[in-house]
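First comes the structure, then the notes that go with it.
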There are 4 protein chains.
Amino acid sequence: MGVTMDGTKQQRRGNTRQRIQDVALALFAEQGYEKTSLREIAERLGVTKAALYYHFKSKEEIIVSLFEDLTRPLGELVEWGRQQPPTLETKQEIIRRYSAALAAAAPLFRFMQENQATVRELRIGDTFRQRMMGLRNILIDPDARLADQVRSVSALFTLHAGMFVLQDIESDPEKRREAVMEVAIDLITQAHQGTRDRD
Amino acid sequence: MGVTMDGTKQQRRGNTRQRIQDVALALFAEQGYEKTSLREIAERLGVTKAALYYHFKSKEEIIVSLFEDLTRPLGELVEWGRQQPPTLETKQEIIRRYSAALAAAAPLFRFMQENQATVRELRIGDTFRQRMMGLRNILIDPDARLADQVRSVSALFTLHAGMFVLQDIESDPEKRREAVMEVAIDLITQAHQGTRDRD
Amino acid sequence: MGVTMDGTKQQRRGNTRQRIQDVALALFAEQGYEKTSLREIAERLGVTKAALYYHFKSKEEIIVSLFEDLTRPLGELVEWGRQQPPTLETKQEIIRRYSAALAAAAPLFRFMQENQATVRELRIGDTFRQRMMGLRNILIDPDARLADQVRSVSALFTLHAGMFVLQDIESDPEKRREAVMEVAIDLITQAHQGTRDRD
Amino acid sequence: MGVTMDGTKQQRRGNTRQRIQDVALALFAEQGYEKTSLREIAERLGVTKAALYYHFKSKEEIIVSLFEDLTRPLGELVEWGRQQPPTLETKQEIIRRYSAALAAAAPLFRFMQENQATVRELRIGDTFRQRMMGLRNILIDPDARLADQVRSVSALFTLHAGMFVLQDIESDPEKRREAVMEVAIDLITQAHQGTRDRD
DNA sequence: TATGAATGAGGCTTCATTCAT
DNA sequence: GATGAATGAAGCCTCATTCAT
């Protein structure tokens with residue numbers, strides 16, 4: 001990511017657009033969208049602000065492009081989930097895949113988590129929310145007890161917590177991931193079982 | 001100017017400071033801290049920007065004051081928790097009280113949840129994080145299995161989710177609160193039991 | 001206009017708004033609207049750009065305010081004209097008063113004449129055009145021969161020409177004004193007579 | 001890119017230069033010179049900005065070239081006029097020919113009329129002004145009464161008015177042209193007669 | 001208790017132009 | 001005959017802040 005391949009003075013081939021995205025995401029995630037200025041991004045890249053505008057029409061377009069690129073797996077996951085039978089196995093698999101997607105696009109998710117106020121006003125907000133709700137609808141049985149519905153959502157939230165606030169509880173990321181998965185799977189299972197029990 | 005003609009609209013009895021805080025919190029929660037300008041706050045109040053500076057030394061001080069006022073219950077909760085024995089009952093009571101604190105200062109918590117990037121850079125960030133960690137340390141048994149530690153944190157997160165993302169799952173706030181509590185209490189209980197089981 | 005009353009260091013009382021308008025009009029007339037930057041205006045006044053924004057919401061508002069202030073006499077003229085009987089005397093009086101209005105707001109009219117492309121896109125454009133058409137409708141008899149209608153419009157245009165392109169034909173402004181008036185009055189009279197003749 | 005697939009849309013036979021001029025003139029006339037950007041011109045043509053620079057050294061050169069191409073007839077008219085005797089017939093013929101020139105290069109004249117502020121700063125300004133003054137000098141008898149000199153100039157202005165502001169008075173362009181010509185010829189004749197009368 | 005007037009820094013964006021390919 | 005990539009200058013505007021009154 002953003003790593004120079006030959007180590008020399010940053011080859012400016014066709015990769016500037018990519019480099020802008022990388023740097024922007026890093027800064028957005030670190031400081032927030034509004035506090036990150038285009039000047040900062042440009043300076044970090046050793047380019048002029050105007051160069052950014054050759055590649056993106058506006059500041060918002062930078063973040064939208066990031067979002068579109070990095071969020072696709074989530075869309076595909078929803079798509080996939082919709083076509084599966086609503087079994088416990090499916091739900092567990094969704095949790096697993098979602099966790100993987102989260103890990104793969106960690107900086108973006110961190111950004112979205114920490115800048116919800118911003119995201120809400122950007123036109124991305126809606127798309128993202130829709131996808132999350134798609135996911136939720138697959139996990140949740142609308143006839144289930146309310147508490148079990150909460151459990152399903154909680155499973156997702158637990159994964160998020162695992163990415164962003166549990167770093168000081170256990171430093172080994174692998175162990176952390178395992179523990180988090182255990183809880184999430186447990187929650188989704190209880191939610192599913194609860195539903196069954198009533199039958 | 002400033003003269004009360006009818007006594008209706010102007011209750012300014014020296015409560016301007018309070019009114020500033022109210023309006024500011026509403027706007028911060030709605031649009032985020034950076035996107036809310038002092039001009040906006042002043043306009044909403046029918047005052048001049050300069051007036052804000054009579055009551056607060058800076059923009060940051062406004063939010064810090066809000067934070068200090070609204071977050072005190074959380075501090076007291078931690079204080080209280082520290083003096084209790086680490087029983088299951090204590091933990092459950094903490095969950096209950098935290099939920100109440102959350103409800104009482106909903107806009108502020110919403111703000112903090114949605115503007116983490118900002119909060120992190122403000123000097124409040126630390127205080128808040130410390131309190132949250134205080135809470136966590138009371139709930140968590142450091143010798144517990146990692147998954148059980150995750151469960152404890154998850155309980156807190158579930159309460160948050162209950163405030164902010166479960167509104168479309170069930171519109172009756174009272175039912176929602178009950179269901180959320182059930183899950184959170186359940187999680188904390190499992191976490192505690194898991195710990196005991198190993199003994 | 002913009003003249004300091006006491007000669008000392010520009011007294012900054014409540015006249016800054018006025019001074020901005022003066023300087024802006026001068027520059028707009030001299031260089032055109034687009035080529036005049038706010039920086040230039042501010043520098044000429046010994047103020048910051050930001051100060052301009054304390055008095056006007058945008059660059060466009062500066063010109064709109066100028067337009068509104070300076071164009072009022074024209075509106076009143078149209079109003080007056082509408083209430084007079086459509087006699088030759090009325091029309092001649094309109095020509096005379098229009099000429100006076102032109103002289104009184106010469107820089108603005110010069111600006112509008114030389115920046116029509118700009119004016120068209122500003123929201124002022126319409127108002128101005130409407131007033132000019134109001135004037136024309138008073139001068140023109142819709143049943144008159146086309147050539148006589150043209151004469152009426154030509155009378156107005158002659159007045160404009162008198163202000164802006166005849167300066168090198170005769171340097172004494174008073175004589176110039178007289179000659180221009182003679183031709184304009186002559187044109188409007190012919191137009192009126194032509195109409196009568198057909199009766 | 002640039003490959004003609006069907007031969008329809010692309011007649012690029014080295015006529016790009018011409019196409020640039022056409023588009024530029026259209027845009028300059030519509031929006032003004034300063035408000036028209038090279039990006040806009042390029043986009044409208046389906047070319048890159050850089051392509052414009054292959055054909056013209058600068059933005060100014062585009063307009064200068066337009067001016068030079070389209071204004072030549074005016075130069076020739078002045079040339080021709082200078083060699084004629086200063087009779088009434090000559091003057092009338094000049095009015096006629098000028099009207100024709102105006103019609104032939106309407107967009108350019110419209111542009112010049114509506115962007116005088118810009119034109120003045122471009123180096124074209126002088127040339128154009130000189131030509132107009134040449135024309136005027138042919139029409140005007142320096143010994144004539146001032147009012148008659150004004151009449152001569154007014155005749156030219158009437159032609160301009162005919163092109164640009166009389167469109168709503170009479171929609172049939174042919175009738176309009178006739179009426180305008182009548183008035184202009186009339187004015188120039190009066191101017192000439194006035195001069196003679198004094199003899 | 002507040003306002004009116006202003007500032008300095010910095011934000012996003014657009015422009016004409018250049019140059020290697 | 002034209003493009004892709006970039007630059008430097010400048011534009012308009014907004015913000016938090018100050019201070020005399």
Side-chain angles (χ1 to χ4, degrees), chain A residues 12-17 20 34-42 45-62, chain B residues 1-2 12-17 34-42 45-62, chain C residues 12-17 20 34-42 45-62, chain D residues 1-3 12-17 20 34-42 45-62:
Chain A
R12 311 226 157 129
R13 270 284 186 39
N15 63 343
T16 302
R17 194 189 145 95
I20 293 173
E34 348 268 348
K35 299 243 295 197
T36 303
S37 71
L38 295 187
R39 178 179 54 65
E40 224 172 336
I41 298 177
L45 280 166
V47 207
T48 335
K49 265 181 297 168
L52 305 184
Y53 278 88
Y54 178 77
H55 295 281
F56 297 93
K57 272 213 297 279
S58 67
K59 188 184 179 187
E60 182 170 351
E61 233 206 26
I62 297 182
Chain B
M1 250 167 268
R12 315 210 161 133
R13 282 246 208 83
N15 61 347
T16 302
R17 194 188 145 94
E34 348 266 349
K35 299 243 294 201
T36 302
S37 69
L38 295 187
R39 177 177 54 64
E40 224 172 336
I41 297 175
L45 280 167
V47 215
T48 330
K49 266 185 296 173
L52 305 184
Y53 279 88
Y54 179 80
H55 295 279
F56 296 93
K57 265 213 309 272
S58 69
K59 188 184 179 187
E60 183 168 350
E61 233 205 26
I62 297 182
Chain C
R12 313 227 155 124
R13 271 282 188 39
N15 63 343
T16 301
R17 194 190 144 95
I20 293 172
E34 349 267 350
K35 300 243 292 199
T36 302
S37 71
L38 295 187
R39 178 179 53 65
E40 225 172 335
I41 297 176
L45 281 167
V47 209
T48 336
K49 265 182 298 170
L52 305 184
Y53 280 90
Y54 178 77
H55 294 281
F56 297 93
K57 271 212 298 276
S58 68
K59 188 185 179 187
E60 183 169 349
E61 233 205 27
I62 297 182
Chain D
M1 250 166 264
V3 182
R12 317 212 158 130
R13 282 243 209 84
N15 61 348
T16 302
R17 194 189 145 94
I20 293 173
E34 347 267 348
K35 299 241 295 199
T36 302
S37 70
L38 295 187
R39 177 178 53 65
E40 224 172 337
I41 298 176
L45 280 167
V47 216
T48 331
K49 266 184 295 173
L52 305 183
Y53 279 87
Y54 179 81
H55 294 282
F56 297 93
K57 267 212 308 271
S58 70
K59 188 185 178 186
E60 184 169 350
E61 233 205 26
I62 298 182

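Numbered from 1 within each chain, the chains take letters A, B, ... in sequence-line order.
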Under the 3.5 angstrom rule, does the side chain of A:K59 hit a backbone N or O of A:T36 as a donor-acceptor pair? yes
Out of F:dT3, F:dT7, E:dG8, whichever nucleotide has its closest atom nearest the side chain of A:T48: F:dT7
Rounded to the nearest angstrom, tell me the gap between atom CD1 in D:I20 and atom C1' in F:dA2. 11 Å
For D:E61, does its backbone N or O pair with a side-chain atom of D:S58 as donor and acceptor, under 3.5 Å? yes
Quick one: A:L52 CG to F:dT7 P, roughly how many Å, whole number? 9 Å
Expressed as a whole number of angstroms, how long is the span from C:L45:CG to E:dA6:P? 10 Å
Nucleotides 14-21 of chain F: protein proximity per nucleotide (B base, S sugar-phosphate only, - neither; heavy atom, under 4.0 Å): BBBBBB--
Smallest separation among heavy atoms of C:K35 and C:E40, with atom names: O-OE1, 3.7 Å
From CZ of D:F56 across to C1' of F:dA2 the rounded distance in Å is 15 Å
Roughly how many Å is it from CD1 in A:I41 to C1' in E:dT13, rounded to a whole number? 14 Å
Atom OG1 of D:T48 and atom CG of D:L38: how far apart are they, to the nearest 0.5 Å? 12.5 Å
Value for CZ (D:R17) from CG (D:N15), rounded to nearest 0.5 Å, stands at 12.0 Å
Can a side chain N or O of A:H55 be found less than 4.0 Å away from OP1 or OP2 on F:dA6? yes
With side chains defined as the heavy atoms from C-beta onward, is the minimum distance between C:I20 and C:V47 less than 4.5 Å? no
Indicate whether OP1 or OP2 belonging to F:dA6 is found under 4.0 Å from a side-chain N or O atom of A:T16. yes
Within less than 4.0 Å of OP1 or OP2 of F:dA5, is there a side-chain N or O belonging to A:Y54? yes
With both distances under 3.5 Å as the test, what is the Watson-Crick or G-U wobble partner of F:dT21? E:dA2
